[in-house]
Q: 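Below are the structure tokens for one structure; questions will follow.
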Amino acid sequence: MISTMELICGIAAVLLAMYYYFSAKFNYWKDRGVPGPKPMVPFGNFMAHTLGQMSLVEYAMRLYQKYKEEPMVGIFVRRTPTLVINDAELVKDVLIKDFPMFANRGFLENKVADPLDQHLFVMDASSWRPLRTQLSPVFTSGKLKGTFSLILDCARQLEEYLDYLVAKREPVDVRDLAAKFATDVIGSCAFGIDMNSLSDAESEFRKMGKEVFAKDLTAVLRFRVKECIPKLFDLLGYVLPYNELTKFFIKITSDTLEYREKNNIVRPDFMNTLLELRRHPEKVSDIELTEMVLAAQAFAFFGAGFETSSGTISHALYELALNQDIQEKLRQEINEYHTKYNGDWKYETLKEMVYLDKIFHETLRKYPVFAFLIREATGDYTFRGTKVSITKGTKVWIPIYAFHWDPSIYPEPEKFIPERFDEDVKRTRHAMHYLPFGDGPRNCIGARFAIFQSKVGIISIIRNYKVDVCEKTPIPYEYHPLAFVLAPKNDLYLKLTKVEK
């Protein structure tokens, strides 16, 4: 039998090995002369966030405020050395000038346990470039003009659903409302499917939308294992069945492609592009276009488009409810263009609406989707004008939320001021200090689609309804401490009242 002493020694040896594993790289930034906070085993510098005690937003701001005068800050995400870049010119080097050296986003592809990981957002540079080339035409101005009528159809359904909700005389959760609208738009414009999300009955797509960025205990644990022990996570894929989200997107993609192939259906949408890729895999010869890979692209389009647009619409409504003068000024602009074009809204009309555009940009300034933009070095690299060198595979984080809330860049950042985006004011700022969609060759491929989808949703609501705060409105606004994509801690309830015309 094992003696007590042998057992104690065994446990001590395991703990010592774990300590060495998590702390082995903790001199990485010290050796390179890069300042930063002291890490702690096994959390690195992320104990408070890992335990749900601090949101990524709060962490980003505290780090930035403490090291704002430093061009670079070295931190540890658990045991992984990560460089946070505060200097705008160095950010420009990473995203644009030296892009080939930072072409990877730095996310691991867990192809076995999570086959939906094989999408454009996660892929490494060798796979990403040829696939992006084939998918980019979906998001051109020409294609968006072709799908604009579909977005307007969803907007009309939104208006009808709002009439029903307002008649109930109850506060409306505008985040859920915006998510339903975004789900219907993406369903129509990307999948050619009527989602029917704008009703009290929850559609299957709406259920899946909630799963994409779920923040319950199971989802958080899954994300932590995937992030901290990726090899174990992938091994589990050999024994555990796919989750419902994976099974759903594999089936809906496969069924849609098969139906269109069989019935010779052609639509100017995302699924048609995937169908063309399946027919001509030689266009992306570096990638094996399996059903899983095609489903992963559909999943990414749905998840990214749904979250960006629903968040932007709901946050814009929240700020308009808090700032009635801005809301009224926007409504006047909307009515002006509604009258000018006899209610016949076009793609080009939205591009003319200057004040709406400022509100959209100020919303994403105050509520960007991510706290950090992430890149990974594809080789050893020395930063221009410094002696700081990093090795291949080192993660680089750009603190976009902290930039957006820096009072030296955006005075009184807590205030909602659309005039920050007057042309003459924008010219006073460095371009890298506003990055809601990233920048450079690997910026957000669907940015243009998200912008127009969000603007149509805002127009439909504000033209017809006045939004106000109510007793259920969360004031002050708080971010969810466990969310990877920045989201409110509480539902965003507002009071909506029909506008007399």
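Treat the numbers as computed from the prediction; the structure is a model and nothing was measured. Because only heavy atoms are used, hydrogens play no part in the values below, and waters and symmetry mates are left out as well, while side chains stay in.
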Q: Is it true that F270 and F302 have ring centroids separated by less than 6.0 Å?
A: no

Q: Quick test of your reading of the model: are D422 and K358 salt-bridged, counting only N-O distances below 4.0 Å?
A: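 Looking at K358 together with D422, the answer is yes, because their closest N to O distance falls below 4.0 Å.
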
Q: Using only heavy-atom distances, determine whether the side chains of Y410 and H433 contain a donor-acceptor pair under 3.5 Å.
A: no

Q: Please say whether the positively charged group of R442, taken as NZ for Lys or CZ for Arg, lies over the ring of F99, i.e. under 6.0 angstrom from the six-membered ring centre and within 45 degrees of the axis.
A: no

Q: To the nearest 0.5 Å, tell me how far D406 CG sits from Y64 OH.
A: 3.5 Å

Q: To the nearest 0.5 Å, what is the distance between CD (E69) and CG (N86)?
A: 9.5 Å

Q: NZ of K247: more than 12 outside heavy atoms within 6.0 angstrom?
A: yes

Q: Taking the side chain as everything from C-beta on, heavy atoms only, tell me whether Y367 gets closer than 4.5 Å to E319.
A: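 When only atoms from C-beta onward are counted, E319 and Y367 do touch, with a gap below 4.5 Å.
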
Q: Can R429 be said to sit on top of F421's aromatic six-ring, NZ or CZ under 6.0 Å from centre and within 45° of the ring axis?
A: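 Yes, R429 and F421 form such a contact.
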
Q: Just verifying a value: how many Å separate Q134 CD and Q297 CD, rounded to the nearest 0.5 Å?
A: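 So the gap between those two atoms works out to 12.0 Å.
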
Q: Quick one: list whatever passes ring-ring contact (aromatic ring centres under 6.0 Å, His included) with F46, sequence neighbours left out.
A: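 Scan of F46 (ring-ring contact (aromatic ring centres under 6.0 Å, His included), adjacent residues dropped) gives Y59, W397.
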
Q: Main chain of F76, side chain of N45: is a donor-acceptor contact present, judged purely on distance under 3.5 Å?
A: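 Side chain of N45 to backbone of F76, a donor-acceptor pair under 3.5 Å: yes, one is there.
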
Q: Does this structure show an ion pair linking E58 with R62, if we count only N-O contacts that are shorter than 4.0 Å?
A: yes

Q: Can you measure from OG1 (T473) to CG (D491) and round to the nearest 0.5 angstrom?
A: 11.5 Å

Q: Just checking, R448 and F452: is the charged tip under 6.0 Å from the six-membered ring centre and within 45° of the axis?
A: no

Q: Any donor-acceptor pair under 3.5 Å linking the side-chain atoms of S55 with those of K489?
A: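 Their side chains do not contain a donor-acceptor pair, so the 3.5 Å distance test is not met.
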
Q: Is it true that D176 and K180 make a salt bridge, defined as a side-chain N closer than 4.0 Å to a carboxylate O?
A: yes

Q: Would you compute the distance between atom NZ of K92 and atom CG of D439 and round it to the nearest 0.5 angstrom?
A: 9.0 Å

Q: When you check the gap from the basic side-chain N to the acidic O, do D98 and R384 get nearer than 4.0 Å?
A: no

Q: Taking it one step at a time, do W29 and I390 satisfy side chain to side chain contact (heavy atoms under 4.5 Å, CB included)?
A: CA-CA 9 Å; W29 296 123; I390 57 175; 3.9 Å; yes

Q: Below 4.0 angstrom, N of the basic side chain to O of the carboxylate: do D357 and K455 qualify?
A: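 A salt bridge is present here (some side-chain N lies under 4.0 Å from a carboxylate O).
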
